[in-house]
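Taking it in order: structure first as structure tokens, then the write-up.
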Number of protein chains: 2
Amino acid sequence: MSGADVEEQLRESGLRVTRQRVAVLTVLHDHPHTDTDTVIRQVREVAGDVSHQAVYDALRALTEAGLVRRIQPTGSVARYEVRVGDNHHHVVCRSCAAIADVDCAVGEAPCLTPSDSHGYLIDQAEVTYWGLCPECAAAAAS
Amino acid sequence: MSGADVEEQLRESGLRVTRQRVAVLTVLHDHPHTDTDTVIRQVREVAGDVSHQAVYDALRALTEAGLVRRIQPTGSVARYEVRVGDNHHHVVCRSCAAIADVDCAVGEAPCLTPSDSHGYLIDQAEVTYWGLCPECAAAAAS
DNA sequence: CCGCTTTCTGGAACAAATCAAGTCTTGACT
DNA sequence: AGTCAAGACTTGATTTGTTCCAGAAAGCGG
């Protein structure tokens with residue numbers, strides 16, 4: 001995705017186009033599942049000095065606008081990704097916390113419906129697969 | 001579950017039986033999906049003075065022993081529950097963060113298997129349904 | 001009952017995230 | 001082009017959730 005596309009995306013969502021936000025979006029496009037701290041460092045590489053607060057603000061604004069999605073598996077810090085709308089899921093390594101995408105077989109949210117919703121109005125089913133990544137599985141086997 | 005049962009559970013897991021641990025387990029039995037801070041307050045109600053550190057230690061020890069399960073939906077603090085082994089899932093209210101249990105139709109982990117596991121060795125599929133609880137749905141409608 | 005080991009206590013430290021006040025920038029409207 | 005208000009950014013402090021540490025206390029096998 002080019003810088004112009006990113007700018008267009010921002011405008012369409014009614015957000016102002018700023019150097020910081022473009023940088024955040026670009027970084028997330030290039031590095032999915034990035035935690036906040038890494039986003040801050042990457043943003044500074046491509047956009048020079050940016051306060052951590054600006055990154056936090058940008059991430060929240062982008063999340064509210066639906067341009068990025070926030071995920072937070074148990075035991076991890078918040079991570080962000082730009083793949084939204086396709087209702088895909090994640091597989092997380094118990095050992096090293098690596099995350100990989102898993103396409104949803106159904107595709108549309110909610111792809112699953114619970115047996116008993118307890119009166120809740122459910123709009124999304126988020127699936128997290130837990131296991132070991134290839135590297136950690138190999139290390140554990142030896 | 002009685003106090004004696006709780007003690008037995010601890011012993012079977014090779015953990016020492018302490019007033020603090022019994023209190024933590026009992027509190028979790030009575031109040032599922034409780035966050036750490038609430039656990040601390042409840043434990044102090046039933047067991048008198050207990051340091052917050054003891055509660056953190058107990059929660060970690062119990063989690064490692066498999067007696068309690070830690071869940072942490074995006075945007076929430078860590079919560080704990082005693083239902084383990086039946087691979088049930090959760091429905092979370094986007095508005096008030098209330099949590100309810102949802103029985104798994106399959107029952108055994110992993111109840112789902114991804115289309116492409118990327119080489120990961122998957123042992124569990126955790127499903128979180130997102131939506132609005134009955135109270136918040138009613139409030140939103142009015 | 002004794003002593004070893006684990007656990008608990010109390011305090012401090014730490015990291016992640018949020019809040020607050022003031023300054024600067026964007027983009028719409030003369 | 002110039003002005004202006006809403007919104008974004010910066011700096012720095014604060015809150016929140018969690019962990020680390022050293023010494024005291026308690027559980028449990030002998």
Side-chain angles (χ1 to χ4, degrees), chain A residues 3-4 6-27 33-44 46-65 67-68 70-80 97, chain B residues 3-4 6-27 33-44 46-65 67-68 70-80 97:
Chain A
V6 169
E7 291 185 21
E8 169 115 8
Q9 238 190 347
L10 285 169
R11 260 183 256 276
E12 280 176 2
S13 302
L15 294 173
R16 288 191 181 169
V17 178
T18 68
R19 185 172 51 92
Q20 293 84 347
R21 286 178 179 174
V22 172
V24 168
L25 265 185
T26 307
V27 164
H33 314 132
T34 328
D35 64 275
T36 312
D37 197 54
T38 307
V39 171
I40 293 175
R41 274 186 283 111
Q42 304 264 5
V43 163
R44 285 181 178 155
V46 303
D49 274 0
V50 176
S51 71
H52 69 130
Q53 187 61 31
V55 176
Y56 272 103
D57 283 352
L59 286 172
R60 190 163 38 134
L62 294 172
T63 303
E64 282 172 6
L67 294 182
V68 309
R70 178 178 177 174
I71 55 177
Q72 185 175 22
T74 299
S76 287
V77 295
R79 288 158 179 274
Y80 296 86
Chain B
V6 170
E7 291 185 21
E8 171 120 8
Q9 240 190 342
L10 286 169
R11 257 184 257 277
E12 281 175 1
S13 303
L15 294 173
R16 289 192 178 172
V17 177
T18 68
R19 185 172 51 91
Q20 294 83 346
R21 286 177 179 175
V22 172
V24 167
L25 264 185
T26 307
V27 164
H33 314 132
T34 325
D35 64 275
T36 312
D37 196 55
T38 307
V39 171
I40 293 175
R41 276 186 283 112
Q42 303 264 6
V43 163
R44 286 180 177 158
V46 304
D49 276 359
V50 175
S51 72
H52 67 132
Q53 188 56 40
V55 175
Y56 273 101
D57 282 351
L59 285 172
R60 189 161 39 130
L62 294 172
T63 303
E64 283 172 5
L67 294 182
V68 309
R70 178 177 177 173
I71 54 178
Q72 185 173 22
T74 299
S76 287
V77 295
R79 289 160 177 271
Y80 296 86

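The sequence lines fix the lettering, A, B, ..., with proteins before strands; numbering per chain opens at 1.
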Gap between atoms [atom1] and [atom2], on [X] and [N] respectively (whole Å):
{"X": "A:D35", "N": "C:dA16", "atom1": "CG", "atom2": "P", "answer": "8 Å"}
{"X": "A:R21", "N": "C:dG27", "atom1": "CZ", "atom2": "P", "answer": "10 Å"}
{"X": "A:D57", "N": "C:dA16", "atom1": "CG", "atom2": "C1'", "answer": "15 Å"}
{"X": "A:D37", "N": "C:dC14", "atom1": "CG", "atom2": "P", "answer": "17 Å"}
{"X": "B:E64", "N": "C:dT7", "atom1": "CD", "atom2": "C1'", "answer": "14 Å"}
{"X": "B:Y56", "N": "C:dG11", "atom1": "OH", "atom2": "P", "answer": "17 Å"}
{"X": "A:Q20", "N": "C:dT23", "atom1": "CD", "atom2": "C1'", "answer": "14 Å"}
{"X": "B:H52", "N": "C:dT9", "atom1": "NE2", "atom2": "C1'", "answer": "9 Å"}

Atom [atom1] in [X], atom [atom2] in [Y]: separation rounded to 0.5 Å?
{"X": "A:Q72", "Y": "A:R79", "atom1": "CD", "atom2": "CZ", "result": "10.5 Å"}
{"X": "B:R21", "Y": "B:D57", "atom1": "CZ", "atom2": "CG", "result": "8.0 Å"}
{"X": "B:E7", "Y": "B:L15", "atom1": "CD", "atom2": "CG", "result": "13.0 Å"}
{"X": "B:R44", "Y": "B:S51", "atom1": "CZ", "atom2": "OG", "result": "7.5 Å"}

Select base, sugar-phosphate, or nothing to describe what [X] touches, counting heavy atoms under 4.0 Å on all strands.
{"X": "A:A61", "value": "nothing"}
{"X": "B:R70", "value": "sugar-phosphate"}
{"X": "A:A78", "value": "sugar-phosphate"}

| said: Whether the side chain of B:R19 engages the backbone of B:A47 through a donor-acceptor N/O pair (distance < 3.5 Å, no angle test) should be reported. | reply: yes
| task | Taking only the side-chain heavy atoms of A:Q53 (C-beta and beyond), determine which of D:dA8, C:dC19, D:dG17 contains the nearest atom. | result | C:dC19
| Which nucleotide sits closest to the side chain of B:R16: C:dC8, D:dA26, D:dA6? | D:dA26
| For D:dC9, does OP1 or OP2 lie under 4.0 Å from any side-chain N or O of A:T18? | yes
| message | Heavy-atom nearest nucleotide on DNA chain D for A:V55 versus B:V17: which residue maps closer to 5'? | response | A:V55
| query | With nearest nucleotides of DNA chain D determined for B:R19 and B:R60 from heavy-atom distances, which residue corresponds to the more 5′ nucleotide? | reply | B:R60
